[in-house]
Amino acid sequence: SQKIEQNSEALNIQEGKTATLTCNYTNYSPAYLQWYRQDPGRGPVFLLLIRENEKEKRKERLKVTFDTTLKQSLFHITASQPADSATYLCAPLNAGNMLTFGGGTRLMVKP
Amino acid sequence: ETGVTQSPTHLIKTRGQQVTLRCSSQSGHNTVSWYQQALGQGPQFIFQYYREEENGRGNFPPRFSGLQFPNYSSELNVNALELDDSALYLCASSLSGGSGELFFGEGSRLTVL
């Protein structure tokens with residue numbers, strides 16, 4: 001069955017460092033993958049989309065990579081700030097062309 | 001441009017009851033998706049509606065049903081509530097043929113006692 005895995009343990013980093021979050025998926029090949037940010041008690045907010053023919057996508061301090069051979073996407077936040085503290089969700093498009101979400105990774109950036 | 005709005009924001013029901021949650025899409029969006037998010041977990045896909053018809057469904061029993069109206073607003077109905085139905089229910093709108101980006105509402109927090 002299709003599976004999406006994100007590190008369920010919180011990632012704690014110091015302000016100014018680069019945060020790297022991992023998303024692994026199995027048993028399918030998504031046409032694209034999206035990343036969302038979710039703050040406590042709020043709905044997810046779209047950040048970036050990367051297609052299967054793109055290796056890397058950037059937006060301001062955010063960078064996403066997509067390795068279809070490894071079946072993995074990495075999400076980087078450079079020069080992290082306490083305001084970046086949130087849960088980050090990866091969402092590959094599934095075989096039924098519906099967006100499915102991983103469990104999310106909580107990022108804590110300490111001043 | 002108005003965003004996605006959901007109602008009610010919080011509600012409490014008892015086991016066996018029925019609940020209806022409502023969602024107004026972002027202006028111009030013709031597709032609505034519903035997700036269930038248990039505490040500490042990622043959103044789980046329930047179903048999607050496009051042009052008033054169910055367009056895809058996740059692994060949820062038939063007691064989860066929905067509607068989409070001509071103005072693209074939507075309802076999620078859950079019958080015979082169980083304790084495990086306690087969750088945040090998220091509605092997301094999108095534009096068919098668009099980039100696939102989902103615009104989420106703030107959710108309806110359902111507690112089943």
Side-chain angles (χ1 to χ4, degrees), chain A residues 1-10 21-25 27-28 30-52 54 57 59 62 64 66 73 75 86-107, chain B residues 2-10 21 23-26 29 31-50 53-60 66 76 87-111:
Chain A
S1 63
Q2 299 169 7
K3 215 173 167 185
I4 305 160
E5 290 181 346
Q6 294 186 255
N7 195 340
S8 57
E9 288 184 18
L21 286 69
T22 305
C23 174
N24 295 297
Y25 57 92
N27 296 329
Y28 69 124
Y32 61 72
L33 185 148
Q34 300 183 13
W35 282 88
Y36 287 76
R37 168 185 172 139
Q38 187 173 26
D39 292 287
R42 310 291 298 273
V45 174
F46 172 79
L47 295 174
L48 279 168
L49 178 153
I50 186 164
R51 300 186 186 281
E52 60 181 341
E54 298 174 313
K57 201 86 169 273
K59 179 182 174 185
L62 308 181
V64 171
F66 194 9
S73 176
F75 177 82
T87 295
Y88 291 87
L89 301 160
C90 90
L93 194 68
N94 74 2
N97 284 331
M98 300 296 155
L99 213 56
T100 49
F101 286 82
T105 298
R106 189 168 165 223
L107 173 67
Chain B
T2 55
V4 177
T5 57
Q6 292 186 243
S7 63
T9 54
H10 295 83
L21 307 178
C23 172
S24 292
S25 303
Q26 179 155 319
H29 285 182
T31 302
V32 172
S33 305
W34 284 92
Y35 289 82
Q36 179 196 66
Q37 187 174 28
L39 208 57
Q41 298 187 21
Q44 298 298 306
F45 175 69
I46 304 175
F47 43 56
Q48 182 183 87
Y49 277 83
Y50 170 66
E53 301 234 343
E54 189 178 288
N55 191 36
R57 190 178 182 95
N59 191 25
F60 280 81
L76 164 65
L88 181 68
Y89 288 85
L90 294 162
C91 166
S93 73
S94 57
L95 188 58
S96 174
S99 66
E101 174 185 348
L102 297 182
F103 293 80
F104 282 87
E106 301 292 26
S108 293
R109 169 75 61 191
L110 171 65
T111 301

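No experiment lies behind these values; they were computed from the predicted model shown. Letters go in sequence order (proteins before strands), and every chain restarts at 1.
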Trainee: Kindly indicate whether the side chain of A:Y25, heavy atoms from C-beta on, has any atom under 4.5 Å from the side chain of A:P30.
Mentor: yes
Trainee: Check whether any side-chain heavy atom of A:Y36 sits under 4.5 Å from a side-chain heavy atom of B:L102, and report yes or no.
Mentor: yes
Trainee: Are there more than 12 heavy atoms of other residues, nucleotides or ligands under 6.0 Å from atom CZ of A:R42?
Mentor: no
Trainee: Mind checking whether A:F101 and B:F104 have parallel, tilted or perpendicular rings, split at 30° and 60°?
Mentor: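 It falls in the perpendicular class, over 60°.
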Trainee: What residue, out of B:Q41, B:Q48, B:R109, has the most heavy-atom pairs lying under 4.5 Å from chain A?
Mentor: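 Counting heavy-atom pairs under 4.5 Å, the top option is B:Q48.
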Trainee: Pick one of side chain, backbone, both or neither for A:Q6, based on which atoms fall under 4.5 Å of a heavy atom in chain B.
Mentor: neither
Trainee: Using non-hydrogen atoms only, which part of A:L49 is less than 4.5 Å away from chain B: side chain, backbone, both, or neither?
Mentor: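 For A:L49, side-chain heavy atoms alone lie under 4.5 Å from chain B.
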Trainee: Counting only non-hydrogen atoms closer than 4.5 Å, does B:Q37 touch chain A with its backbone (N, CA, C, O), its side chain (CB onward), both, or neither?
Mentor: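 It is the side chain, since no backbone atom gets that close.
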